[in-house]
Amino acid sequence: MKLKKLELINENTSPLFRIMSIYNSSAPNKAFANNICAFHIGKGIIVSVAHNLRALDRLPLLLSNSFYNNELRNKISVGDRTLFDQTYPLVPGTNQRIATGINNANGETLAKKLDDAKVDRRYTKLYSENCCKPFLVTTFRNNAFCNDVSLNKHFPANHSFAEPTLSRHTFLIELELLDVLINEDLAIYKVVNTPMEIINKLPFLQIDFQLHDTGTQNYYCLQSAPYDNLGRIINEASIEGILDNFAQESDILGNVYLFDGIRYLIKGYFRFGSSGAPYLVYDQEKEIFKVNAVQSQASFIQLSINFKMDGNLQYVNGIATPLSLVESKLKERLAQAEVA
């Protein structure tokens with residue numbers, strides 16, 4: 001089993017990646033945002049969580065002209081239109097407006113105006129309006145995608161580049177968001193505009209759709225290493241409880257999000273920033289790891305400190321979504337990818 005674990009954390013053979021929202025993806029001066037864990041389940045189908053997609057980019061660095069006119073300019077006050085016209089000038093010959101002149105002094109003021117006007121800057125909205133795109137971000141110590149330099153030629157200009165400060169080479173793979181499953185806190189993407197040679201090279205996990213019980217043996221979490229987003233760790237985990245979950249959250253736009261249904265309460269190390277990481281069960285018969293659930297939320301208890309409860313939170317568990325909840329949807333997406 002140890003060799004299989006080493007494969008899971010090796011940069012060339014690991015199915016664990018990051019998804020980031022990228023503005024101006026075809027240009028050298030790309031802007032990255034909205035970093036989240038994700039994993040490949042085969043045929044170019046990528047799974048992560050959904051809660052990062054409802055987050056608002058308070059001051060996007062690039063907007064499509066249609067989004068600017070139909071969403072932003074229509075909602076802000078008439079008196080602020082000149083200010084935002086100057087902040088987001090239209091780039092000649094394009095459908096893009098790139099933010100200019102933003103600094104610490106005026107950035108928060110501009111963002112507050114967008115908040116007050118309830119301008120929808122959720123990443124789902126920004127994707128649908130072609131303001132930014134989701135990309136699978138893969139990084140390697142050597143300038144060779146998955147240790148195969150012959151595949152480098154398949155990456156468009158500006159989608160592969162050295163990052164000297166990280167001692168890594170980065171390769172970007174374009175994604176399309178297929179499903180946002182708010183209730184289960186899961187998101188499903190597919191790789192697009194990418195040759196099959198790249199898709200076939202991406203390491204992937206088979207799925208175990210069983211709903212496991214407490215005390216399940218050989219249960220693990222594959223997530224970002226404790227110190228950074230480049231490394232990986234596979235650590236022992238255990239299903240400490242099975243819960244019928246209900247939670248409700250709202251945002252400044254007035255949207256209400258419900259999270260309802262069966263979840264695992266996971267005991268074991270989990271790193272903040274590892275939402276979207278897969279929980280794995282080891283199949284002894286086939287001698288492979290299979291993904292069974294996805295890290296979704298942190299679970300906390302409140303402690304009384306100086307006779308006060310407010311804000312005294314200690315996070316001791318993770319809450320994970322079993323993939324059994326979305327078995328039919330995942331099988332549907334994999335079947336569609338097979339046909340395509």
Side-chain angles (χ1 to χ4, degrees), residues 1-11 13-19 35-41 46-52 184-187 203-247 259 261-303 312-326:
M1 188 192 297
K2 182 175 69 175
L3 292 178
K4 297 295 184 181
K5 290 179 180 177
L6 291 174
E7 288 179 0
L8 288 173
I9 61 173
N10 184 287
E11 63 182 17
T13 54
S14 177
L16 181 70
F17 304 99
R18 312 291 299 186
I19 292 176
N35 190 359
I36 201 77
C37 282
F39 55 93
H40 183 213
I41 60 170
I46 308 295
V47 177
S48 185
V49 288
H51 61 250
N52 67 304
E184 295 83 8
D185 193 23
L186 292 178
F204 68 95
L205 291 164
Q206 295 183 34
I207 305 174
D208 173 6
F209 284 115
Q210 294 184 69
L211 181 64
H212 287 278
D213 199 355
T214 55
T216 296
Q217 299 298 304
N218 294 321
Y219 209 74
Y220 301 88
C221 185
L222 176 62
Q223 59 185 307
S224 299
Y227 293 114
D228 59 73
N229 286 329
L230 295 177
R232 299 168 176 86
I233 180 175
I234 179 167
N235 57 275
E236 293 181 350
S238 61
I239 301 173
E240 191 171 63
I242 301 175
L243 60 145
D244 186 9
N245 182 68
F246 180 84
F259 313 97
I262 297 297
R263 302 290 192 273
Y264 294 142
L265 183 68
I266 302 290
K267 182 72 171 180
Y269 168 79
F270 70 96
R271 176 192 158 176
F272 284 97
S274 282
S275 291
Y279 283 97
L280 311 177
V281 62
Y282 188 69
D283 186 324
Q284 299 273 15
E285 182 178 341
K286 294 184 178 180
E287 297 184 333
I288 60 172
F289 283 96
K290 295 181 177 180
V291 57
N292 176 252
V294 183
Q295 171 63 31
S296 174
Q297 301 163 269
S299 178
F300 58 85
I301 60 173
Q302 279 193 313
L303 304 178
N312 294 326
L313 305 180
Q314 182 179 8
Y315 293 83
V316 295
N317 293 93
I319 292 179
T321 301
L323 291 180
S324 59
L325 300 182
V326 292

Colleague: From Y264 OH over to I242 CD1, what is the distance, rounded to the nearest 0.5 angstrom?
Modeller: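 Result: 6.5 Å between the selected atoms.
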Colleague: Tell me, do P203 and E7 make a side-chain contact under 4.5 Å, heavy atoms counted?
Modeller: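 The answer is no; the side chains never approach within 4.5 Å.
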Colleague: Tell me if a side-chain donor or acceptor on S14 pairs with a main-chain N or O of L8 at a distance below 3.5 Å.
Modeller: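 A pair under 3.5 Å: yes.
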Colleague: Mind checking the CG-CG spacing from L211 to L325? Nearest 0.5 Å is all I need.
Modeller: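 The CG atom of L211 sits 7.5 Å away from the CG atom of L325.
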Colleague: side-chain hydrogen bond (donor to acceptor under 3.5 Å, both in side chains) with Q295: which residues, sequence neighbours excluded?
Modeller: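 Scan of Q295 (side-chain hydrogen bond (donor to acceptor under 3.5 Å, both in side chains), adjacent residues dropped) gives Y279.
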Colleague: Quick one: closest heavy-atom pair of C221 and A237, and the distance?
Modeller: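 Where C221 meets A237 most closely, the heavy atoms are N-CB, 4.3 Å.
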Colleague: Under 4.5 Å between any side-chain heavy atoms of I319 and L265, yes or no?
Modeller: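 In short, these two side chains touch, coming nearer than 4.5 Å.
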Colleague: Is there side-chain contact between N218 and F289, with at least one heavy-atom pair below 4.5 Å?
Modeller: no
Colleague: Working to the nearest 0.5 Å, report the span between OG of S275 and CG of D185.
Modeller: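 Going from the OG atom of S275 to the CG atom of D185 covers 7.5 Å.
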Colleague: Taking side chain as C-beta onward, heavy atoms only, is L222 less than 4.5 Å from I233?
Modeller: no
Colleague: Working to the nearest 0.5 angstrom, can you tell me the gap between N10 CG and L16 CG?
Modeller: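 The CG atom of L16 is 12.5 Å from CG of N10, to the nearest 0.5 Å.
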Colleague: Let me confirm one number: the CD1-NZ distance from I234 to K4, rounded to the nearest 0.5 Å.
Modeller: 12.0 Å
Colleague: Taking V291's backbone N and O only, do any of them form a donor-acceptor pair with D208's side chain (distance below 3.5 Å, no angle check)?
Modeller: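 No; judged by distance alone, with no hydrogens or angles, the pair does not exist.
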Colleague: Can you see which heavy atom on N229 is nearest to which on S224, and at what distance?
Modeller: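 N229 and S224 have their closest heavy atoms at OD1-OG, 4.0 Å.
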Colleague: How far apart are the closest heavy atoms of A277 and C37, and which atoms are they?
Modeller: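 In terms of heavy atoms, the two residues are closest at N-CB, 3.8 Å.
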Colleague: Between CG of L280 and NZ of K5, what distance do you get to the nearest 0.5 Å?
Modeller: 10.5 Å
Colleague: Is any side-chain heavy atom of V294 less than 4.5 Å from a side-chain heavy atom of L186?
Modeller: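 A side-chain contact under 4.5 Å exists here.
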Colleague: Given side chains that start at C-beta, do those of N292 and L323 come closer than 4.5 Å, heavy atoms only?
Modeller: no
Colleague: Quick one: does any side-chain atom of T321 pair with a main-chain N or O of E184 as donor and acceptor, under 3.5 Å?
Modeller: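 A pair under 3.5 Å: yes.
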Colleague: Kindly give the heavy-atom pair with the smallest separation between I207 and I41, and that separation in Å.
Modeller: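 That would be CD1-CD1, 3.9 Å.
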Colleague: Is there a donor-acceptor contact under 3.5 Å linking the side chains of N235 and R271?
Modeller: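 There is no such pair between these side chains.
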Colleague: Does N317 use its side chain to pair, donor to acceptor, with the backbone of I266 at less than 3.5 Å?
Modeller: yes
Colleague: Any side-chain to backbone donor/acceptor pair from Q284 onto Y282? Under 3.5 Å, distance only.
Modeller: no
Colleague: Which heavy atom of D283 sits nearest a heavy atom of K290, and at what distance?
Modeller: OD2-NZ, 3.2 Å
Colleague: Between H40 and P15 (side chain of the first, backbone of the second, donor and acceptor by atom type, cut-off under 3.5 Å), is there such a pair?
Modeller: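 Looks like no, no N/O pair under 3.5 Å.
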Colleague: Using every non-hydrogen atom in the two residues, find where A293 and P322 come nearest and quote the distance to one decimal.
Modeller: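 So the minimum-distance heavy-atom pair works out to CB-CA, 3.9 Å.
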Colleague: Just wondering, do I36 and R18 contact through their side chains at under 4.5 Å, heavy atoms?
Modeller: no
Colleague: Would one find more than 12 heavy atoms of other residues, nucleotides or ligands at under 6.0 Å from atom OH of Y227?
Modeller: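 No, because the 6.0 Å sphere around OH of Y227 holds 12 heavy atoms or fewer from other groups.
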Colleague: Taking the side chain as every heavy atom from C-beta outward, state whether M1 and E287 have any atom pair closer than 4.5 Å.
Modeller: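 They are not in side-chain contact.
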Colleague: List the residues meeting side-chain contact (heavy atoms from CB on, under 4.5 Å) with A298, not counting sequence neighbours, and say none if there are none.
Modeller: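 A298 satisfies side-chain contact (heavy atoms from CB on, under 4.5 Å) with F270, F272, Y315 once adjacent residues are dropped.
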Colleague: Do the side-chain N and O atoms of S274 and Q223 include a donor-acceptor pair separated by under 3.5 angstrom?
Modeller: yes
Colleague: Please check this pair: side chain of T214 against backbone of I239, looking for a donor-acceptor N/O pair closer than 3.5 Å.
Modeller: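 Not at all, since once roles are kept as given, no pair shorter than 3.5 Å links the two residues.
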Colleague: Keeping the roles fixed (side chain from N245, backbone from R263), state whether a donor-acceptor pair exists under 3.5 Å.
Modeller: no
